[in-house]
Amino acid sequence: MKIVKIFKLKWEITPIIIFLAIWEIFARLNLIPGHFFFPPFSAVLTEFWYLTVSGVLGRNFLSSLIRVLIGFSTGSIAGLLIGIIMGWNNLANKALNPLISLIYPIPALGWLPLLMLWFGIGEILPIAIIFICSFFPILYNTVTGIKNVNKNYIYAARTLGASDIEIISTVVMPLSLPNIFTGLRLEAGMAWRVIIAAEMVAISTGIGALMMKAESLIRIDIIIVCLMVLGIMCLSFEKFFAFLEKKLTNRWR
Amino acid sequence: MSSIKLKNISKYICKNINLEIFDKELLVLLGSNGAGKSTLLNIIAGLIDYEGSVFINNLLVDNVPANKRRIGYLFQELNLFPHLDVSANIAYGLRVQKQPQNEIKDSVEKLLRIMKIQHLSFRYPKELSGGEKQRVALARALANAPRILLLDEPMNSLDYRTSKYLRTEFKILQKKLGITTIYVTHNFYEAEEMAERIAVLDKGSIEQVGSPKEIFFHPTKAVSDFIGEPNILDCDHYHRLSFGLIEVKCGDISLVVSSEGRKAKKVAILPEDIYLSNIKPPGPGINRIKGKLIEINESSSTVCCTVITGKNALKVKLPKEIFTSMNLNISDEVWIILALRKLKTITDNE
């Protein structure tokens with residue numbers, strides 16, 4: 001079993017190693033026109049090491065991470081709570097749905113100018129952007145998840161003596177988990193994409209801000225380091241929720 | 001005491017339904033698809049709004065919500081919670097009623113034992129067979145010690161043998177627990193096997209209520225349209241053979257019928273339970289009678305014909321393709337076979 005796993009992992013890693021090797025060779029042999037803008041992988045790795053040891057990368061990464069975690073968790077919780085109310089109560093759904101349908105299509109970054117004026121340029125701004133970006137999709141997935149729960153399960157729980165709150169917490173929510181996790185998985189990655197844009201435009205710390213500084217100093221290696229960190233974070237967040245979903249629902253689905 | 005009384009109940013197709021189910025009784029609600037059977041159960045369970053009044057133990061329960069009515073409900077689709085294992089499904093009602101943990105454990109174990117599903121306790125619904133799911137759903141419905149049990153076509157998705165076995169088991173359990181039960185089905189033979197009384201629901205109205213034999217021998221027009229109008233033969237002589245079998249003479253034909261009593265006043269059989277043959281059927285001559293075809297009525301998928309045997313005229317119903325394959329015409333000589341288990345008898349007392 002372990003051997004199979006290692007073998008599988010090797011197959012997944014091989015294309016990456018080949019890609020990195022080609023990159024290194026092309027950059028070292030100056031095969032690319034304008035090679036000044038294209039540092040070899042080893043130089044990027046050295047810069048990564050330097051940035052890590054000096055604490056620059058860690059500091060900026062931590063700023064971004066905290067913003068993502070706060071924005072994403074508050075946005076998700078709010079989306080989940082309002083989603084539960086809308087999914088369970090038809091009146092609430094009818095009242096809120098038109099308003100939310102109107103606001104939902106606005107891209108999260110479209111809010112930036114307005115939020116800059118409302119909150120000023122500070123810590124609240126990126127958190128608010130991520131809140132908005134997480135809130136709507138999770139709300140919609142929760143509403144859909146709840147609406148999709150077979151009414152008969154609710155009837156069964158009711159005849160067994162469960163109150164509305166018990167039905168929501170013990171039947172409706174567990175059965176909506178697959179839908180909710182679809183939202184969480186997609187939005188966890190999206191939060192990182194949005195934070196970078198917000199930091200690039202308006203904030204002085206964070207991975208996005210570091211990239212903008214690197215751009216003005218023409219430090220391609222630092223930009224690539226930041227992009228790699230970003231790629232890894234998007235992927236790990238998505239994978240984390242996929243893992244959690246599997247753990248919670250795989251047995252019964 | 002757990003009697004149910006329905007007074008002027010109306011909802012969707014159900015119109016002005018009045019019905020009483022006695023304490024500890026097993027009443028079968030018989031009706032075709034769309035007759036309003038499930039609607040009526042949902043009304044009794046308090047799951048949907050309705051007009052009229054529902055009384056349980058002579059107490060009006062119209063304002064009592066479903067979760068407070070103490071009714072066990074076995075749904076047609078069973079509705080086992082897919083995210084909970086068998087034990088947790090059975091324990092669900094006890095958990096939401098905030099029973100102590102050790103009591104829940106004991107009750108679940110007892111129910112697993114009664115339903116003979118101890119070995120399934122950690123399985124999830126998707127890992128169970130149809131019959132196993134049935135047992136789990138029944139255990140779950142019984143866990144809260146409900147005063148009334150509603151069963152909505154519970155055997156529908158099961159094969160004949162499993163459903164027959166489970167029906168017998170359920171009947172014994174129902175008697176043992178003495179729980180007032182409404183059992184919904186669209187199958188007359190299932191109804192007859194289970195019921196103390198049958199209530200026939202047709203297009204949202206109660207057409208007839210009575211014992212299975214009353215319904216079978218004296219169906220109202222709407223009921224006979226649904227279950228079929230039986231051939232009824234008057235018995236002149238009878239004598240007991242053995243093991244619940246009696247031989248009866250009805251005019252010039254002699255039949256062997258199964259009967260719990262020793263006497264038979266009338267014998268009845270539905271037209272679809274008589275087989276028709278253009279040749280002498282093989283096997284012993286019991287319940288195989290020679291006759292003459294005197295009438296043929298064809299519909300789109302079935303043929304209803306009349307066979308005369310001495311003084312008796314019997315109606316026979318069979319699929320059109322089988323009838324056509326025999327190439328029969330009026331006045332032809334035919335053989336009919338009356339299925340032993342489908343022959344019903346009544347005595348003077350009934």
Side-chain angles (χ1 to χ4, degrees), chain A residues 80 83-84 87-94 138 141-185 241-253, chain B residues 38-39 41-48 64-86 88-99 122-128 133 136-152:
Chain A
L80 201 65
I84 292 170
W88 185 250
N89 188 308
N90 264 338
L91 195 70
N93 192 26
K94 275 184 190 155
I138 293 183
N141 277 293
T142 309
V143 173
T144 313
I146 291 177
K147 294 258 178 231
N148 282 347
V149 171
N150 189 337
K151 212 175 174 183
N152 289 331
Y153 293 129
I154 298 169
Y155 278 177
R158 193 155 276 156
T159 57
L160 289 165
S163 64
D164 277 12
I165 293 192
E166 282 162 341
I167 293 172
I168 292 172
S169 61
T170 58
V171 176
V172 172
M173 287 315 289
L175 293 179
S176 310
L177 277 184
N179 268 81
I180 295 171
F181 267 107
T182 307
L184 286 172
R185 216 172 45 228
F241 283 107
F243 166 79
L244 209 61
E245 180 185 3
K246 207 173 160 192
K247 207 75 188 149
L248 289 172
T249 63
N250 218 26
R251 183 76 208 268
W252 58 269
R253 274 175 90 185
Chain B
S38 300
T39 303
L41 289 196
N42 286 343
I43 287 169
I44 297 169
L47 291 171
I48 51 174
V64 180
N67 58 339
K68 304 268 185 241
R69 286 199 185 185
R70 281 193 56 212
I71 288 177
Y73 197 156
L74 187 59
F75 295 85
Q76 191 171 355
E77 300 85 10
L78 303 178
N79 304 343
L80 290 175
F81 302 126
H83 60 294
L84 301 179
D85 67 14
V86 167
N89 258 290
I90 298 173
Y92 186 85
L94 300 165
R95 290 229 163 93
V96 294
Q97 302 284 335
K98 312 274 185 304
Q99 299 277 338
F122 296 112
R123 289 219 201 141
Y124 281 80
K126 71 165 187 183
E127 300 160 346
L128 303 174
K133 279 185 191 159
V136 177
L138 186 56
R140 185 179 71 173
L142 290 171
N144 282 2
R147 45 187 182 173
I148 287 160
L149 192 59
L150 308 174
L151 300 111
D152 191 1

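By convention in this document, chain letters (A, B, ...) are assigned in the order of the sequence lines, proteins followed by strands, and residues within each chain are numbered from 1.
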Query raised in the report: Any sub-3.5 Å donor-acceptor pair from B:R69's side-chain atoms to B:V64's backbone N or O?
Result: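 Yes, because the side chain of B:R69 sits within donor-acceptor range (under 3.5 Å) of the backbone of B:V64.
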Query raised in the report: Would a distance-only check, ignoring hydrogens and angles, find a side-chain to backbone donor-acceptor pair under 3.5 Å from B:N89 to B:F81?
Result: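 Between the backbone of B:F81 and the side chain of B:N89 there is a qualifying donor-acceptor contact (under 3.5 Å).
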Top contributor to chain A interface from [options] [non-hydrogen pairs under 4.5 Å]:
{"options": "B:E77, B:K68, B:H83", "result": "B:H83"}
{"options": "B:A66, B:P82, B:G93", "result": "B:P82"}
{"options": "B:N144, B:N79, B:L78", "result": "B:N79"}
{"options": "B:D85, B:L74, B:V96", "result": "B:V96"}

With a 4.5 angstrom heavy-atom cut-off, which part of [X] approaches chain A: side chain, backbone, both or neither?
{"X": "B:L142", "result": "neither"}
{"X": "B:R140", "result": "both"}
{"X": "B:Q76", "result": "neither"}
{"X": "B:I71", "result": "backbone"}

Based on non-hydrogen pairs under 4.5 Å, which of [options] is most in contact with chain B?
{"options": "A:R158, A:E166, A:R251", "value": "A:R251"}
{"options": "A:L175, A:L177, A:L248", "value": "A:L175"}
{"options": "A:N150, A:I167, A:T170, A:I154", "value": "A:T170"}

Is there a side-chain contact between [X] and [Y] in this structure, where contact means two heavy atoms from C-beta onward sitting under 4.5 Å apart?
{"X": "B:L41", "Y": "B:F75", "value": "no"}
{"X": "A:N179", "Y": "A:T142", "value": "no"}
{"X": "B:R70", "Y": "B:I148", "value": "no"}

**Report entry** Over 12 non-hydrogen atoms of neighbours within 6.0 angstrom of NZ in B:K126
**Finding:** yes
**Report entry** Steps toward side chain to side chain contact (heavy atoms under 4.5 Å, CB included) verdict (A:N141, A:L184)
**Finding:** CA-CA 9 Å; A:N141 277 293; A:L184 286 172; over 6 Å; no
Report task. Apply side chain to side chain donor-acceptor pair (under 3.5 Å) to the pair B:D152 and B:S38, showing each step before the final yes or no. Result -> CA-CA 7 Å; B:D152 191 1; B:S38 300; 2.8 Å; yes
**Report entry** Part of A:D164 lying under 4.5 Å from any heavy atom of chain B
**Finding:**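 It is neither, since no heavy atom gets under 4.5 Å.
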